[in-house]
Number of protein chains: 2
Amino acid sequence: MDEIDLKILKILQKNAKYSLEDLSAELKIPKSTVAYRIKRLEALNIIKGYYAQIDPTALNLDYIVISLVRARYGKNYHTELGSKLASLPGVWGVYFVLGDIDFIVVGRYRNREEFVENYLEKLMSMPEIERSSTQVVVKIIKESPNMIIWW
Amino acid sequence: MDEIDLKILKILQKNAKYSLEDLSAELKIPKSTVAYRIKRLEALNIIKGYYAQIDPTALNLDYIVISLVRARYGKNYHTELGSKLASLPGVWGVYFVLGDIDFIVVGRYRNREEFVENYLEKLMSMPEIERSSTQVVVKIIKESPNMIIWW
DNA sequence: TCTGAAATCAGAATGGT
DNA sequence: ACCATTCTGATTTCAGA
């Protein structure tokens, strides 16, 4: 991983359709070398894949929720609860944190009913949870999780 | 936006490199029609772009933080604070929520020093903040924000 | 709006340094 | 590990339905 690899990643994290030719011109190295580098980054699993970014609002996914969850104490309670939370439909993020709270959970739904049915009811029936508070997101000010390299 | 569009999106949200030919076979429509559909989804900004997904740990980004922020009351305090939080280096998510907390902020850093310098010090010098608590993520159990369509 | 065929172009493969 | 060339196949274009 050198400076050139980093430059490639910096460009591809923003635009996966950037062509080998343009990368070649940008980095001033032959395009076959660019191809070679990218293949290596893929093989090393540094590039984990390519995906289309879809506008959530276009699919009416504007019922975004974030929950702060505290687990009960007990052996395996944390790991078990973690995977149970992660498997809830609509949940895309589960973070295990230290402190007052144990888990932060993020999910996207199309409306209140869908949220209640797929998320809230299931959450409230989990015995491993000691306490949880769920917030509805009013506005997404920033959401660009694909921008890994910012420096 | 019909059933076919949704199927296309469902596939491309997972794999942007899925070829027109394979999509054509999968959906049982000619590949030129698939191309036509995709172009339309792009034009309508339903597909917002294509990205390479980069492994954060490969770049030593394992100092992940989530802050719960409460703003002071006052005109414009909330919108101003929102954009100030979003502009912090390393911050990729800022959510405005209702309730006890006003903002939930997510950031990625390579180490403690980088986090303190780029994030914590700047956060703590923001007068619009009444109170904030920052959690360090011990484990990312799930993080797949690109999976928009789950039903 | 959709489709088939042709043309174009980008990416994969090869082999040499 | 790097790079020039060749080759393959995916995408774009366009005319017609």
Side-chain angles (χ1 to χ4, degrees), chain A residues 1-61 110 144-151, chain B residues 1-62 110 144-149 151:
Chain A
M1 267 288 290
D2 60 4
E3 197 50 47
I4 292 170
D5 285 324
L6 198 65
K7 275 183 189 167
I8 291 172
L9 294 175
K10 247 185 204 173
I11 290 170
L12 293 183
Q13 73 174 345
K14 264 202 196 150
N15 179 14
K17 291 276 158 91
Y18 215 92
S19 73
L20 292 182
E21 205 137 13
D22 290 348
L23 280 167
S24 164
E26 185 88 23
L27 306 169
K28 294 172 185 77
I29 53 171
K31 71 170 194 165
S32 52
T33 305
V34 177
Y36 169 75
R37 292 262 186 165
I38 291 175
K39 280 273 164 283
R40 195 177 43 165
L41 289 167
E42 286 166 1
L44 291 170
N45 228 0
I46 293 173
I47 294 176
K48 303 184 85 178
Y50 301 91
Y51 62 88
Q53 195 195 295
I54 297 160
D55 182 9
T57 61
L59 293 151
N60 299 316
L61 283 163
R110 281 178 293 184
S144 44
N146 47 300
M147 294 299 285
I148 297 284
I149 306 160
W150 49 265
W151 60 92
Chain B
M1 267 288 289
D2 60 6
E3 199 50 48
I4 292 171
D5 285 324
L6 199 64
K7 276 185 187 165
I8 291 172
L9 294 175
K10 248 185 202 170
I11 290 169
L12 293 183
Q13 74 174 347
K14 265 204 198 148
N15 178 13
K17 292 276 158 92
Y18 215 90
S19 72
L20 293 180
E21 204 138 17
D22 290 347
L23 280 167
S24 163
E26 185 88 23
L27 306 170
K28 294 172 185 76
I29 53 171
K31 61 181 187 163
S32 54
T33 306
V34 177
Y36 169 76
R37 292 261 185 167
I38 292 176
K39 281 271 165 285
R40 195 179 40 167
L41 290 167
E42 286 168 0
L44 292 170
N45 228 359
I46 292 172
I47 295 176
K48 302 184 85 178
Y50 300 91
Y51 304 88
Q53 198 188 332
I54 297 161
D55 182 9
T57 61
L59 294 152
N60 299 314
L61 283 162
D62 35 35
R110 280 177 293 183
S144 45
N146 48 302
M147 295 297 286
I148 297 284
I149 306 159
W151 61 91

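Letters go in sequence order (proteins before strands), and every chain restarts at 1. Only heavy atoms go into these numbers, but all of them, side chains included; no hydrogens, no water, no symmetry mates.
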Output the rounded distance in Å from [atom1] ([X]) to [atom2] ([N]).
{"X": "B:L27", "N": "C:dC2", "atom1": "CG", "atom2": "P", "value": "13 Å"}
{"X": "A:R37", "N": "C:dG11", "atom1": "CZ", "atom2": "P", "value": "18 Å"}
{"X": "B:I38", "N": "D:dT11", "atom1": "CD1", "atom2": "P", "value": "8 Å"}
{"X": "A:D2", "N": "D:dC2", "atom1": "CG", "atom2": "P", "value": "7 Å"}
{"X": "A:D22", "N": "C:dG11", "atom1": "CG", "atom2": "C1'", "value": "13 Å"}
{"X": "A:K39", "N": "D:dA1", "atom1": "NZ", "atom2": "C1'", "value": "17 Å"}
{"X": "A:E21", "N": "D:dT5", "atom1": "CD", "atom2": "C1'", "value": "14 Å"}
{"X": "A:K28", "N": "D:dC3", "atom1": "NZ", "atom2": "C1'", "value": "18 Å"}

Tell me which nucleotide among [options] gets nearest to the side chain of [X].
{"X": "B:A35", "options": "D:dT12, C:dG11, D:dA10", "value": "D:dT12"}
{"X": "B:L20", "options": "D:dC3, C:dG4, D:dT12", "value": "D:dT12"}
{"X": "B:S32", "options": "C:dC2, D:dT12, C:dA5", "value": "C:dA5"}

When rounded to the nearest 0.5 angstrom, what distance separates CG in A:D2 from CZ in A:R37?
4.0 Å
Distance, nearest 0.5 Å, that separates CD of A:E3 from CD1 of A:I8:
11.0 Å
Could you please spell out the steps behind the side chain to side chain contact (heavy atoms under 4.5 Å, CB included) verdict for B:K7 and B:L23?
CA-CA 9 Å; B:K7 276 185 187 165; B:L23 280 167; over 6 Å; no
Can you say whether a donor on the side chain of A:S19 sits under 3.5 Å from an acceptor on the base of C:dA10, or the other way round?
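Such a pair does not exist between side chain and base.
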Which is it for A:L12 and B:I54 under the side chain to side chain contact (heavy atoms under 4.5 Å, CB included) test, yes or no, and what are the steps along the way?
CA-CA 9 Å; A:L12 293 183; B:I54 297 161; 5.8 Å; no
Verify the contact: side-chain N or O of A:T33 to OP1 or OP2 of D:dC3, cut-off strictly under 4.0 Å; return yes or no.
yes
Does a nitrogen or oxygen in the side chain of A:Y36 sit under 4.0 Å from OP1 or OP2 of D:dC3?
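A:Y36 to D:dC3 OP1/OP2: no side-chain N or O under 4.0 Å.
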What is the nucleic acid contact for A:K31, judged by heavy atoms within less than 4.0 Å: base, sugar-phosphate only, or nothing?
base
Given side chains that start at C-beta, do those of B:V34 and B:E26 come closer than 4.5 Å, heavy atoms only?
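No, every pair of side-chain atoms sits at 4.5 Å or beyond.
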